[in-house]
Amino acid sequence: MIIAVDGPAAAGKGTLARRLAQHFGLPYLDTGLLYRAVGRRVLDAGADPADPVAAEAAARALTPADLDRPDLRDEAAAQAASAVAAIPAVRAALLEFQRRFGRERGAVLDGRDIGTVVFPDADAKLFVTARPEVRAARRQRELAGRGIAADPAAVLADLLRRDAQDAGRSVAPLRQAEDALLLDTSDLDPDAAFAAALALLRARLPGLSDSA
Ligand code: DC
């Protein structure tokens with residue numbers, strides 16, 4: 001079984017996808033980490049993440065150890081990820097890995113193009129979103145939890161810039177697949193979002209049991 005979870009930054013996709021994977025006994029892949037790791041490699045090389053040659057080389061050189069780097073969650077990695085993610089050769093280089101991961105034992109994958117490009121025939125697709133101010137507040141709390149003080153207006157501006165770049169690119173842009181179930185988590189805590197997602201999935205997949 002493949003469950004695709006897409007949506008903009010800080011909408012709660014990761015928390016939700018991880019819980020769904022645990023609930024159904026499926027492997028989980030955070031595909032944003034792949035793009036973040038490519039972005040980090042390009043920055044390490046002193047190159048511009050928007051440079052197609054440098055970015056493709058970084059994507060082709062990616063190893064599993066890159067995904068364990070401790071510096072993939074910060075804003076520099078996020079912006080670099082969004083830049084490399086607009087380059088078709090980078091997406092092509094990462095596509096096969098994502099498909100192989102999902103095909104092995106089924107999976108819950110979260111990202112921007114899982115339901116539209118990576119697994120267009122996924123068993124179920126969720127498009128998870130929330131109001132920008134809510135997403136920015138969540139991101140700020142997450143940063144605070146890591147001891148990083150951030151200006152709320154700057155956090156919101158960073159999120160909106162990244163969403164615009166992800167939705168505006170020509171290859172695999174962020175968008176809701178036609179057959180994706182929309183889940184707005186603006187007024188939901190993680191438990192309520194999980195319950196709402198389960199209800200949507202059960203309605204979409206009537207014989208769904210609690211393990212895949
Ligand atoms: O989910 P995230 O914030 O970790 O993703 C970081 C960036 O990677 C995001 O701004 C766009 C890109 N990305 C993508 O283009 N496609 C995916 N499936 C996942 C992430």
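FYI, the numbering just counts along the sequence from 1. As the structure lists them, so they are numbered: ligands from 1, and atoms in each ligand from 1.
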message: Any nitrogen or oxygen of Asp166, side chain or backbone, less than 3.5 Å from one on ligand 1?
response: yes
- prompt: Which residue holds the protein heavy atom closest to atom 7 (C) of ligand 1, what is that atom called, and what is the gap in Å?
  reply: Ala81 CB, 3.6 Å
message: Just to confirm my output: which protein heavy-atom neighbour is closest to atom 16 (N) of ligand 1, and how far is it?
response: Arg91 NH2, 3.0 Å
Element-labelled atoms of ligand 1 that are located less than 4.0 Å from some non-hydrogen atom of Gly111: 17 (C), 18 (N), 19 (C)
query: Taking both backbone and side-chain atoms of Asp113, is any N or O found less than 3.5 Å from an N or O belonging to ligand 1?
result: yes
statement: Looking only at protein heavy atoms, what sits closest to atom 4 (O) of ligand 1 is Arg36 NE, 2.6 Å
task: Would you check the N or O atoms of Arg73, main chain and side chain alike, for any that come under 3.5 Å of an N or O of ligand 1?
output: no
- request: Using distance alone, decide if ligand 1 has a nitrogen or oxygen within less than 3.5 Å of any nitrogen or oxygen in Arg162.
  value: yes
query: Are any non-hydrogen side-chain atoms of Val5 and Val128 less than 4.5 angstrom apart?
result: yes
query: Is it true that atom CD of Glu96 has more than 12 heavy atoms of other residues, nucleotides or ligands lying nearer than 6.0 Å?
result: yes
query: Passes side-chain hydrogen bond (donor to acceptor under 3.5 Å, both in side chains), Asp184 versus Thr129? Steps please.
result: CA-CA 5 Å; Asp184 186 325; Thr129 189; 5.9 Å; no
field: Taking atom 8 (O) of ligand 1 as the reference point, the nearest protein heavy atom with its distance
entry: Tyr35 CB, 3.5 Å
- request: Have a look at Asp74 and tell me which of Arg146, Arg40, Arg36 forms a side-chain hydrogen bond (donor to acceptor under 3.5 Å, both in side chains) with it.
  value: Arg40
- request: Look at atom 12 (C) of ligand 1 and say which protein heavy atom is nearest, naming residue and atom and giving the distance to 0.1 Å.
  value: Ala85 CB, 3.7 Å
query: Should the heavy atoms of other residues, nucleotides or ligands under 6.0 Å from CD of Glu142 be counted, would the total exceed 12?
result: yes
task: Evaluate whether atom CZ of Arg105 has more than 12 neighbouring non-hydrogen atoms of other residues, nucleotides or ligands under 6.0 angstrom away.
output: no
query: Just heavy atoms, cut-off under 4.0 Å: does Gln165 contact ligand 1 by side chain, backbone, both, or neither?
result: neither
- request: Kindly indicate whether the side chain of Leu43, heavy atoms from C-beta on, has any atom under 4.5 Å from the side chain of Pro49.
  value: yes
- line: closest protein heavy atom to atom 19 (C) of ligand 1 is Thr31 OG1, 3.4 Å
Part of Arg112 within contact of ligand 1 (heavy atoms, under 4.0 Å): both
message: For Ser82, run the side-chain hydrogen bond (donor to acceptor under 3.5 Å, both in side chains) check against Gln165, Arg162, Arg112, Arg169 and tell me which one passes.
response: Gln165
- request: Mark the output for Arg169 as yes if a heavy-atom distance to ligand 1 is under 4.0 Å, and as no if none is.
  value: yes
query: Is Asp179 close to Arg204 at the side-chain level, that is, under 4.5 Å between some pair of heavy atoms?
result: yes
